[in-house]
Amino acid sequence: MKHIVVGGVAAGMSAAARLRRLDEHCQILVLERGEYVSYANCGLPYYVGDVITKRDALLLQTPASFKKRFNVEVRINSEVTSADPEAKSVRIRDTKTGKVYEEGFDKLLLAPGGSPVKPAIPGSDHPAIHTLWTIPDTDSLRTLVDGGAIRSALVVGAGFIGLEMAENLHARGIHVTVVEMADQALSVIDYEMAAIVHNELRMKGIELRLKDGITSFTNSENGGVTAQLTSGSSLAADLVLLSIGVKPNTEFLQDSGIALGRRGHILVDDHLLTSRADIFAAGDAIEVLNPLTAKQTAIPLAGPANKQGRIAADNMHGETMRSYNGTMGTAIAKVCDLDVGVTGLTEKLCRAEGIPCGSVVLHPIDHAGYYPGASGFTLKLVYSPETRRVLGAQGVGFGGVDKRIDVIATAIMGKMTVDDLTEIEHAYAPPYSSAKDPVNMAGFVAQNVLDGKVRSISWDQLQQGLADFYLLDVRTPGEFADGCIKGSVNIPVDNLRERVTEIPNDKPIAVICKVGIRGYITARILAAHGFNDCHNLSGGYDTWRLATAE
């Protein structure tokens, strides 16, 4: 049996190693068009930033080491230019010599990955404009930064890679400006969560320009480049990094008869089998099922790619057929001092897909407040008001985000409800968590809303109907003086019972506190006094302040 694997990074190398563990005697050939295999893509920005100081740390395997350990032949600089499902062969071009030849196969795995999108912007071929995706890309950027001539950088696109690069360039003493066409950074999270990231970037001195784009690039002094923006302004930089998306490397399959999606991704079934027999696909180049929307999508993440490679190898081996159950996009990134994590559906994606949802925002701390080093973070939980199922979560903060996102991701896969979240057992000791972990707290808050204990109102719902509400701020006078929603009335929660007659009962009440806890207590007190149209501001004034800031 001869297996050919096209692509030598995450999915491809995971599959090749798995195939060998399953069958010691089959022939396995990996074809990689680049010079490197099995390298740590996700670590590339940190090598440019000198957080990872040794280049070799990024290289997990070489063709020689893979041959020695797994007896798998890996050919680098070998670009597959076409595939013939009928003849069961692929055509290969040696990118060094130009030699073209063919190899036959019994089973084929397509894992060609993706490449950064390079927009058709006039002047985008300027030598100062770069992308970051491969080891050679990283070498070029590292050499430029190490040379000391780069004083300013423009990052186009505020996704995970763009912001990771902005942070690492900033850490090297470079003035960084990020330009993003959308109204927020990190489109995979909701706006009020992204607002925390906006604040962090600006506090660190990274300039962020939202709702703006690039119309052209021209030469500037000292070999740099000037970007003309859609807003009419311009930016000069010594270095430009394009980070506006990823496209699948599937051009070589256009005439193969293998079915592709409208954006060029390979279409597969739940066994990762393509439309042609004995040809499988995995990684960034395929469309996957989002199990929460029940729609096909493309999610280029290393974790899913490695898992898909392993499953594809099992199915190529053929003893049993295993299913891949889809990708819901669990991810995390470091943005300066912040951790930003997401899993499942966001509120805006639910709205776009017509999926009924509710959400709560809370501001817990990562471990017991009385134990030194506790830090706060913001957690948003999205759930179904019909089934009470957990649909998604986002976390942004200075610690504890990864743990909570992973727990909630597991809950989503297990089709758990907000009620289940209230009972999840966590490993607790003061240095690690609280007796009621933030995940439990998120469940409590959502449960209270679903059970009718309190009505919740989001920052944007309140903003849209501000004039309709009596705004009751129940923080202390000092907190209120430091900032408040215009038109609100301050009655601290501890004085509420003796001042309850001051509150009108002829219009809806929006209760505002710092993070939502005192607002909930207030809502319960008011309900007991006959106020039946009371709404607690989700996430409190902390969320309002960031989400409505200029």
Side-chain angles (χ1 to χ4, degrees), residues 183-184 189-199 210 346-352 356-364 378-383 385 392-394 396 441-442 444-477 479-493 496 500 502-527 531-550:
D183 65 350
Q184 68 169 84
I189 63 177
D190 286 323
Y191 183 86
E192 70 270 31
M193 305 298 284
I196 306 169
V197 179
H198 302 165
N199 189 59
L210 299 170
T346 60
E347 190 172 10
K348 66 180 176 183
L349 183 56
C350 286
R351 291 172 180 171
C357 75
S359 70
V360 292
V361 176
L362 54 158
H363 301 275
T378 301
L379 181 63
K380 180 172 184 177
L381 182 72
V382 181
Y383 56 86
Q394 301 151 63
V396 181
M441 293 300 301
F444 293 149
V445 176
Q447 190 179 61
N448 283 336
V449 174
L450 289 169
D451 289 349
K453 298 292 191 296
V454 65
R455 294 184 184 182
S456 180
I457 187 168
S458 64
W459 70 272
D460 52 332
Q461 289 171 330
L462 181 58
Q463 187 181 50
Q464 291 166 12
L466 203 58
D468 300 328
F469 287 90
Y470 176 79
L471 305 176
L472 176 62
D473 192 312
V474 297
R475 296 175 297 157
T476 65
E479 291 174 292
F480 186 77
D482 283 341
C484 64
I485 300 176
K486 185 177 180 181
S488 57
V489 176
N490 181 218
I491 303 178
V493 63
L496 184 64
V500 72
E502 299 176 27
I503 302 170
N505 203 359
D506 59 350
K507 65 189 307 187
I509 300 169
V511 183
I512 303 135
C513 70
K514 179 177 172 59
V515 298
I517 297 173
R518 284 173 286 178
Y520 169 61
I521 295 169
T522 297
R524 295 303 300 159
I525 294 171
L526 291 177
F531 294 87
N532 298 316
D533 198 3
C534 187
H535 306 254
N536 187 25
L537 177 59
S538 184
Y541 184 73
D542 279 4
T543 293
W544 170 276
R545 176 178 54 83
L546 283 169
T548 60
E550 290 295 330

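Position 1 is the first residue of the sequence; numbering continues from there.
Looking at heavy atoms from C-beta onward, Thr378 lies in side-chain contact with Val361 at the 4.5 angstrom threshold. Asp533 has its side chain within reach of Arg455: a pair of non-hydrogen atoms, C-beta onward, lies under 4.5 Å apart. Looking at Cys513 and Thr522, their side chains never come closer than 4.5 Å, going by heavy atoms from C-beta outward. Side chains of Ile457 and Phe469 form a contact here, defined as non-hydrogen atoms less than 4.5 Å apart. Trp459 is not listed as a side-chain neighbour of Leu546, based on a closest heavy-atom distance of 4.5 Å or more. In this structure, Val445 and Tyr520 have side chains that are not in contact, with every pair of non-hydrogen atoms separated by 4.5 Å or more. The shortest side-chain heavy-atom distance between Asn536 and Val449 does not fall under the 4.5 Å cut-off. Using a 4.5 Å heavy-atom cutoff, the side chains of Leu466 and Leu471 are in contact.
Atom CG of Leu472 sits about 12.5 Å away from atom NE2 of His535, to the nearest 0.5 Å.
The closest donor-acceptor contact from the side chain of Arg524 to the backbone of Lys453 lies under 3.5 Å. Looking only at distances, no side-chain donor or acceptor of Asp473 sits under 3.5 Å from a matching main-chain atom of Ser488. Here the side chain of Gln394 pairs a donor or acceptor atom with the backbone of Asp190 at under 3.5 angstrom. Put simply, the side chain of Tyr541 gets close to the backbone of Cys484: a donor and an acceptor are under 3.5 Å apart.
Summarising the geometry of Glu479 relative to Lys514, their closest heavy-atom pair is OE2-CD, 3.9 Å, with the distance given to 0.1 Å. Across all their heavy atoms, Thr346 and Ile189 have their closest contact at CG2-CA, 4.0 Å. The shortest non-hydrogen separation linking Ser359 to Ser538 is O-OG, 4.4 Å. Here the closest heavy-atom approach between residue Met441 and residue Leu362 is recorded as CB-CD1, 3.7 Å. When all heavy atoms of Val511 and Gly519 are compared, the pair lying nearest together is CG1-CA, 3.7 Å.
Residues that satisfy the salt bridge (charged side-chain N to carboxylate O under 4.0 Å, His left out) test with Glu192, not counting sequence neighbours, are Lys380.
Within 6.0 Å of atom CG in Leu210, more than 12 heavy atoms from other residues, nucleotides or ligands are found, so the atom counts as buried in its surroundings.
Electrostatic pairing of Asp460 and Arg351 counts as a salt bridge here, judged by a charged N lying under 4.0 Å from a carboxylate O.
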Let me see the working for Trp544 and Leu537 under side-chain contact (heavy atoms from CB on, under 4.5 Å), right down to the final yes or no.
CA-CA 8 Å; Trp544 170 276; Leu537 177 59; 4.0 Å; yes
